[in-house]
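Everything below concerns the one structure shown next.
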Amino acid sequence: MVLEVGSLPLLQDALAVLEESFQVMPEYTPEAVKPEVSQVLLEAATRMQDNYPYAHPLYAGQMLKPPHPVARLAYMMSLWINPNNHALDGGRASSALEKEAVTEIAAMFGWSEFLGHLCGGGTMANMEALWVAGRLHPGKKIVASKMAHYTHGRISEVLQLEFEAIATDARARMDMEALEAVLKRGEVGTVVVTLGTTGVGSVDPLPRVLELQKQYGFRIHVDSAYGGYFGLVDNLADEARAAYDLLDQVDSIVIDPHKHGLQPYGCGCVLFRDAGVGRFYQHDSPYTYFSSDELHLGEITLECSRAGASAVALWATQRLLPLQKGGEFAQGLGQGREAALRLYQQLKHDQQYLTVMAPELDIVIWAPKGESASEISRLSQQCFDEAEKRHLHLALFELSADVAAEYWDEQVEFDQPTVTCLRSTLMKPEHLQWLPQIKGILDQSMG
Ligand SMILES: *Cc1c(COP(=O)(O)O)cnc(C)c1O
C-alpha cells in the first residue's frame, strides 16, 4: 500500500463540526451530486495512475514529499468553505490561522517582530523579497551564487534589476573571494544567500557574508525555500550549523512549507525582519474590503486570491508537529539527513562509485566509476534507467566538470564540460530505514 487512506473518516468528523457553525442559517439543502460525478472521478483517478510512486520510500529522486495526513485532511476540510486569504471577507478564520502559523515559522528563525505571509510558493516568495530589495536599493544589483535557484536571475529580469551570478567553490557554495570582488565594484544592493541549494543542498557561508556586509553594506536575502527547516536538526556539520544560527540577522527569508514542511503545493512563505517594508505594498483598490480595521493579508502581499486552505493545513500540521528542536518533525528531517550521510559514506567506500561533496542536508550526488566524463555520463543514465526498472526512482544531475575535477582529477578524463551524475533527495524519514534496500537495488542496477 502506498496511499494512506485510513485517515479519511476523520474528514467527515471534521466536516460535521464545521457544519455546526451554519446552524443559524435558514434551512437549505445543497443539491445532491449526480451519479456521473462518480464516473468522472474514477476516470480522473485512472488518468492519475500515470505517476511515479512519490509517497513510497523507493521514490528517492526529485524534491517530492507527501503531505502529512493532517495537512491533507485540514486542507480538504477547508475546501468546503474554500476561503480566500486575500482578505478577511474571503477568509476570516483562515487568515487568523495564517498569522499564527507564520508567527511560528518566524519564531523558528528567532524573529518575534517581522512582516510575513504565505504565498503560492518559493518563486513568488523570492519575487516579493527581491521586489522589496529593489524598492530599497533602486538601480543596484542583485547577486546570487551560480548554484542558487535559476529563478533569481529571471525574477530580477521581471523586476528590471541587474543580476549577477557569483562563482561557487568545490562544495557548490558561494565563493567568498568572488563575492568580495563584485562587492568592491560597489553596485550590489542585495546578496541572495542560499541555505540549501536546489541541486545539491549546499549551504552558503552566511557568517562570512554577514562579515562582508559590515564592510560593504548591502541587504541579505536568504533563500531557504528548500533548506529552511534544517536549523531544527541536531546532525548538521559545524559550518552549516553556524549559518542557520545566524538567520536572525538577515533582512528577509523565504521558506517553502510545500517542500519540507509536509504541505500540499501552493504553500511558500516570505518573511521580512523590518515590518516597515509593509509601506511598499500600500494600494488603493476600489474593491478594498472594509469589514475590519486590521491590516489584512491582502495589504501585505503581491498576490491577491490565494488558498486559505493552505494556511489551515499548515496551522494544523504545526499544531500536531511543532517546529521545535528535538521534536518529532525535527527528528523526521534529521533521519533524512542521516540517510544521506550514510549513503554518502557507503558510496565513498564502494569501488564501483565516484563521490563528490559530502551532503550538507539530505541530497547526495554520485556517479558510477568511469574513465571519462562522457563514459560516466552514459553509465549514470544507464544506472538511472535500470534502477527505475527495479522501482527505485533516482534523479540525474549535470555537474560542471570544474567541480567534478576537484574530486576525481587524477582518475577521470574530462572530455566534456559537464558530467551527468546520479542524485538522490532523501526527504522522507522512512528513507533511513529503507537505505539497505535503496543501496541494494542501486548495486543491482550497476549491471
Ligand atoms: C524550490 C526552490 C525555489 C522555487 O520554489 P517553488 O516553490 O518551486 O516556486 C526557490 N529556491 C530554492 C532554493 C528552491 O529549492
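Here the structure is a predicted model, which means the values were calculated and not measured. Numbering of ligands and ligand atoms starts at 1, following listing order. The figures that follow rest on heavy atoms only: side chains count, while hydrogens, waters and symmetry mates do not.
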Quick check: H260 with F230 (ring centres under 6.0 Å apart)?
yes
Please list, by chain and number, the protein residues whose heavy atoms come under 4.0 Å of ligand 1.
G121, G122, T123, N126, H149, G196, T198, D223, A225, Y226, D256, H258, K259
Decide yes or no on side chain to side chain donor-acceptor pair (under 3.5 Å) for Q62 and R423, but give the supporting numbers first.
CA-CA 8 Å; Q62 305 291 355; R423 169 169 171 268; 3.0 Å; yes
Under 4.0 Å between a Lys/Arg side-chain N and an Asp/Glu carboxylate O for R171 and E406?
no
For this output row, return yes or no: ring centroids of H258 and Y265 closer than 6.0 angstrom.
yes
With the threshold set at 4.0 Å, does a side-chain nitrogen-carboxylate oxygen contact exist between R241 and D245?
yes
Taking only distance into account, with no hydrogens and no angle test, what donor-acceptor pairs under 3.5 Å do side-chain atoms of residues 100-110 form with protein atoms, sequence neighbours excluded?
{"unit_1": "E100", "atom_1": "OE1", "unit_2": "W315", "atom_2": "NE1", "d": "2.9"}
{"unit_1": "T103", "atom_1": "OG1", "unit_2": "K99", "atom_2": "O", "d": "2.6"}
{"unit_1": "E104", "atom_1": "OE1", "unit_2": "Q318", "atom_2": "NE2", "d": "2.7"}

